2 protein chains.
Amino acid sequence: MNAETIPMDKNVEEMLRSHRLKRTSARIEILSLLLESSHTISYNDISEELGDNFDKSTVYRTLNSFEEKGIIHAVNDGSGGIKYAVTKQESEDAHVHFKCDSCEQTYCLPDTKIPRVHAPDGFIINRSSLLINGTCKYCS
Amino acid sequence: MNAETIPMDKNVEEMLRSHRLKRTSARIEILSLLLESSHTISYNDISEELGDNFDKSTVYRTLNSFEEKGIIHAVNDGSGGIKYAVTKQESEDAHVHFKCDSCEQTYCLPDTKIPRVHAPDGFIINRSSLLINGTCKYCS
DNA sequence: AATATAAATGCTACCAAATTGCATTAATAA
DNA sequence: TTATTAATGCAATTTGGTAGCATTTATATT
């Protein structure tokens with residue numbers, strides 16, 4: 001039984017349980033959206049998709065909890081709002097994000113790792129984030 | 001006569017003239033601040049430094065004009081606000097920015113260039129920005 | 001030096017993203 | 001089934017930034 005055969009909702013509920021998050025409908029729906037999406041999504045994407053089912057503060061708090069638990073990670077693509085993507089096992093080490101100038105979507109590139117750089121003496125590197133702008137494969 | 005011996009204000013006025021920007025006191029003071037600073041600065045930094053001498057909209061518009069002219073460049077360090085630094089000749093090609101987790105300042109590392117990465121098939125790279133988080137040399 | 005004109009400024013109001021306090025409601029453990 | 005703890009909804013607030021418009025200022029021209 002591989003991941004494809006596990007129904008999404010079971011998958012979602014198991015993810016919540018394993019992180020000791022109560023399985024509320026807001027969390028289930030928001031996490032489902034995140035899991036289905038091929039690109040990073042913002043508060044606005046969620047609220048458009050889910051209508052007025054949930055309050056703004058609920059959505060933001062949900063995203064914050066997911067991030068704290070490491071279920072998702074924040075992506076700052078310079079759009080003025082924070083976007084999020086599910087953190088998959090394979091992409092846990094720092095991967096590149098790609099913002100398409102055409103469709104404005106931002107993608108995780110889990111197989112494209114951020115190269116180590118050499119900082120000047122005295123600067124101690126903890127982590128890094130690399131954002132690439134260009135044209136994505138769906139727009140090129 | 002090298003750069004060190006040119007008085008700052010002359011330097012500033014010449015920069016404005018050469019970009020066909022009127023030499024107003026707001027621009028002179030804000031550009032001076034930017035030139036003096038060792039790290040990127042935000043609207044808030046400017047308004048703290050300059051007090052209420054200039055209106056918020058003036059400061060923001062000034063920063064936008066400078067950026068359009070290429071005098072400064074914007075840095076998005078995830079702090080929620082945009083920061084700016086003067087674009088020096090040597091750092092015109094994409095350099096790394098470093099945000100210190102301790103003092104919260106963000107520095108240009110003009111000698112640390114962003115490595116080229118290989119994006120998946122179909123993704124066309126235009127430009128990239130690399131932000132490093134860690135401890136700066138003044139805090140380490 | 002006086003003036004014309006184009007641009008910059010300062011208001012005020014506004015917008016968007018995100019957060020907070022608090023009363024209510026719902027999920028889970030006992 | 002109930003007690004407890006956490007999540008939600010609501011309204012208000014904060015923060016970063018923009019926009020329209022009347023007034024002022026810098027600069028080029030006479």
Side-chain angles (χ1 to χ4, degrees), chain A residues 9 12-33 40-69 71-84 104 106, chain B residues 9-10 12-33 40-69 71-84 99 104 106:
Chain A
D9 56 339
V12 166
E13 300 203 13
E14 178 49 33
M15 285 177 76
L16 293 176
R17 177 176 6 246
S18 69
H19 286 95
R20 267 153 226 117
L21 289 169
K22 287 185 182 173
R23 278 146 278 168
T24 67
S25 60
R27 286 173 177 169
I28 291 168
E29 291 194 39
I30 293 171
L31 185 49
S32 298
L33 262 188
T40 62
I41 66 180
S42 64
Y43 161 75
N44 283 317
D45 296 327
I46 292 170
S47 97
E48 275 168 32
E49 198 69 35
L50 265 41
D52 287 343
N53 289 341
F54 305 106
D55 187 76
K56 184 165 53 164
S57 60
T58 301
V59 175
Y60 279 113
R61 283 190 279 231
T62 299
L63 291 169
N64 286 333
S65 325
F66 288 172
E67 196 191 3
E68 277 165 28
K69 296 290 187 177
I71 298 173
I72 62 178
H73 60 276
V75 180
N76 188 329
D77 68 355
S79 64
I82 300 175
K83 296 181 178 173
Y84 294 92
E104 306 254 89
T106 298
Chain B
D9 55 341
K10 282 287 170 203
V12 166
E13 299 202 11
E14 178 49 33
M15 286 178 74
L16 293 175
R17 177 178 3 248
S18 70
H19 286 96
R20 267 151 225 120
L21 289 170
K22 287 187 183 172
R23 278 145 277 168
T24 66
S25 59
R27 285 174 179 170
I28 292 168
E29 291 194 39
I30 292 171
L31 185 49
S32 298
L33 262 188
T40 62
I41 66 180
S42 65
Y43 161 76
N44 283 316
D45 296 326
I46 292 170
S47 96
E48 275 169 31
E49 199 69 33
L50 265 41
D52 288 342
N53 289 342
F54 305 105
D55 187 76
K56 180 164 61 160
S57 60
T58 300
V59 175
Y60 278 113
R61 283 190 281 229
T62 299
L63 291 170
N64 285 333
S65 322
F66 288 172
E67 196 192 4
E68 278 166 26
K69 296 290 187 177
I71 298 174
I72 62 178
H73 60 276
V75 180
N76 189 328
D77 69 355
S79 63
I82 300 176
K83 296 181 178 174
Y84 294 93
K99 166 136 196 234
E104 305 252 270
T106 298

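Just so we're on the same page: letters track the sequence lines, and every chain starts at 1. Owing to the predicted nature of the structure, the values given are computational and were not obtained by experimental measurement.
As rounded to whole Å, 15 Å separates atom P of C:dG10 from atom OH of B:Y60. Per the geometry, CZ belonging to A:R20 stands 16 Å off C1' belonging to C:dA27, to the nearest Å. In this structure, B:K83 places its NZ atom 16 Å from P of D:dT15, rounding to the nearest Å. Rounded to whole angstrom, the span from the NZ atom of B:K56 across to the P atom of C:dC14 amounts to 13 Å. Distance A:I30 CD1 to D:dA7 C1': 12 Å, rounded to the nearest Å. In this structure, B:D55 atom CG and D:dG20 atom P are separated by 16 Å, rounded to whole Å. Taking atom CG on B:L16 and atom P on C:dA7, their separation rounds to 16 Å, with Å as the unit. Taking atom CZ of A:R17 as the reference point, atom P of C:dA27 lies 14 Å away to the nearest angstrom.
Between A:S57 and the phosphate of C:dT19, there is no side-chain N or O to OP1/OP2 separation shorter than 4.0 Å. Contact annotation: A:N44 side-chain N/O to C:dA16 OP1/OP2 distance is not under 4.0 Å. In terms of phosphate contacts, B:T24 brings no side-chain nitrogen or oxygen within less than 4.0 Å of OP1 or OP2 of D:dT27. Proximity of B:Y43 to the phosphate of D:dG16: no side-chain N or O atom is located under 4.0 Å from OP1 or OP2. Residue A:S25 has no polar side-chain atom (N or O) positioned under 4.0 Å from OP1 or OP2 of D:dA7. OP1 or OP2 of D:dT8 has not a single side-chain nitrogen or oxygen of A:N53 nearer than 4.0 Å.
Which of C:dT19, C:dT20, D:dA19 sits closest to the side chain of A:R61 comes down to C:dT20. Ranking D:dT8, D:dG17, C:dT28 by closeness to the A:R23 side chain, first place goes to C:dT28.
Both A:R27 and B:S79 lie near DNA chain D, and the one whose nearest nucleotide falls closer to the 5' end is A:R27.
Backbone-only contact: A:T62 has heavy atoms under 4.0 Å from sugar-phosphate atoms and none from a base. Note on B:N64: only backbone sugar-phosphate atoms sit closer than 4.0 angstrom, heavy atoms only; bases stay farther off.
Side-chain atoms of A:S42 and A:N44 include no donor-acceptor pair closer than 3.5 Å.
The shortest side-chain heavy-atom distance between B:K99 and B:E104 falls under the 4.5 Å cut-off. Side-chain contact between A:Y84 and A:N64 is present, with at least one heavy-atom pair separated by less than 4.5 Å.
Residues passing the side-chain contact (heavy atoms from CB on, under 4.5 Å) test with B:L21, sequence neighbours excluded: B:L16, B:H19, B:R27, B:S65, B:F66, B:K69, B:I71.
In this structure, the side chain of A:T106 does not engage the main chain of A:T40 through any donor-acceptor pair within 3.5 Å.
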